[in-house]
Amino acid sequence: MNVRPFDFRDIAALDDTAVAIRTWISKSTSFFSDYWVEATGFSAKLELGAITTESYEKVLSEIPRHDLCCVAEIKERSPSVWYASSDQFRIILSDLLCLTPSDEGGDKDLSAIETDLANYFIARLADSISRGWMGQGDLEIEVTDLEKDARKLRLFRGKDLVTKVCIEVECKGGKATLNWLLPKQKLPALLDETVDNRDGGAPATPSKELIGQMPLEVVTMLGSASIPMSELSKLKPGELIVLDQRIDQPMVSHVDGEPAFECWPGRLGNKQAVQVSRCLND
């Protein structure tokens with residue numbers, strides 16, 4: 001048996017990779033949520049799941065042949081593979097179809113309409129990740145249409161190492177996982193351009209334009225109520241709960257947890273909205 005001494009630099013490299021990709025996905029989620037709100041009326045976000053490294057042939061052998069996959073070509077840099085099962089896509093598509101995800105499982109084939117919507121989701125995801133790139137210059141990702149059996153996408157040699165990144169898509173229908181295979185050999189050079197500061201350079205001062213584009217969470221609570229546990233357990237659909245908010249008094253909007261505006265509820269088109277009536281601070 002051949003024993004290879006463990007190189008602790010492998011852990012450091014993986015940690016740096018995880019930090020850089022997490023930063024990238026975190027920046028991309030605001031763009032993706034904008035698309036999703038426009039298409040469905042519901043917000044959504046992207047999160048980074050597990051990151052592992054295996055040989056390309058080992059990863060391919062573990063992917064069911066009926067999983068859907070596509071090539072995500074990082075322009076002028078490297079090809080990569082995205083794949084997920086039909087059931088994972090259906091969780092995401094439930095928002096677009098206004099349906100409740102089925103618990104039947106079995107990975108039944110997507111219908112023609114579901115496949116078109118899945119390709120729409122993939123295109124929006126690729127655009128979001130492209131816009132979320134925080135490295136030097138632009139990064140464009142082009143995706144092919146989804147098809148079955150990732151084994152047909154022989155982009156790398158069997159023994160080549162690939163980094164498998166799990167992107168978790170959290171939407172109204174639940175949380176789904178899309179897998180991203182990237183060539184490990186080219187990944188460090190790609191991520192060296194991001195904001196993880198592995199080159200040890202002095203951090204740049206963000207511009208006013210960049211600061212102005214930073215997303216902030218604005219929360220407006222319609223009201224609240226205190227209900228004894230004994231009454232809560234007896235509530236049925238259709239019963240009314242009286243809130244502590246009077247309809248002749250404005251509500252308060254909070255920005256990142258701090259009260260910021262007084263506002264009134266209303267609608268804008270087919271979406272709920274609030275109208276700011278007074279700022280609570282300067």
Minimum heavy-atom separation for [X] and [Y], please, with both atom names.
X      : Y      : value
Leu232 : Ile227 : N-CG2, 3.8 Å
Ala126 : Ile141 : CB-O, 4.0 Å
Gly173 : Ser94  : CA-OG, 3.5 Å
Phe156 : Pro79  : CZ-O, 3.5 Å
Ile92  : Cys171 : CA-SG, 4.0 Å

Exercise for review: Examine the side chains of Trp180 and Ser80 and answer whether a donor and an acceptor come within less than 3.5 Å of each other.
Suggested key: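 Side-chain D/A pair, Trp180 to Ser80: present.
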Practice item. For the residue pair Ser224 and Asp244, confirm or rule out a side-chain donor-acceptor distance under 3.5 Å. Key: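 On atom types as modelled, these side chains qualify, holding a pair under 3.5 Å.
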May I ask you to say whether [X] pairs ionically with [Y], meaning some side-chain N is under 4.0 Å from a carboxylate O?
X      : Y      : value
Glu47  : Lys175 : yes
Lys184 : Asp160 : no
Glu147 : Lys152 : yes
Lys172 : Asp95  : no

Point to revise | Step-by-step salt bridge (charged side-chain N to carboxylate O under 4.0 Å, His left out) determination, Lys164 to Glu54 | key: CA-CA 8 Å; Lys164 177 182 173 183; Glu54 301 283 355; over 6 Å; no
Practice item. Could you point out which residue of Val169, Asp116, Leu146 forms a side-chain contact (heavy atoms from CB on, under 4.5 Å) with Phe121? Key: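 Option passing the side-chain contact (heavy atoms from CB on, under 4.5 Å) with Phe121: Val169.
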Practice item. Please determine which of Leu155, Val59, Thr163 meets the side-chain contact (heavy atoms from CB on, under 4.5 Å) test together with Leu181. Key: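 Of all the options given, the one that passes is Val59.
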Exercise for review: Please step through salt bridge (charged side-chain N to carboxylate O under 4.0 Å, His left out) for the pair Asp109 and Lys148, ending with a clear verdict.
Suggested key: CA-CA 10 Å; Asp109 289 348; Lys148 288 184 180 179; 2.8 Å; yes
Review point. Is there a donor-acceptor contact under 3.5 Å from the side chain of Ser233 to the main chain of Ser230?
Key: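 Flag set: sc Ser233 to bb Ser230 pair under 3.5 Å.
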Check your understanding: Should Gln245 and Met251 be marked as a side chain to side chain contact (heavy atoms under 4.5 Å, CB included) after you check the CA-CA gap, both sets of side-chain angles, and the distance that decides it?
Key -> CA-CA 8 Å; Gln245 175 70 37; Met251 302 181 301; 4.0 Å; yes
Practice item. Starting at CD1 of Ile113, measure out to CG of Leu97 and round the result to the nearest 0.5 Å. Key: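 So the gap between those two atoms works out to 8.0 Å.
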Review point. CZ of Arg124 to CH2 of Trp36: how many Å apart, nearest 0.5 Å?
Key: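 Separation between the atoms: 10.0 Å.
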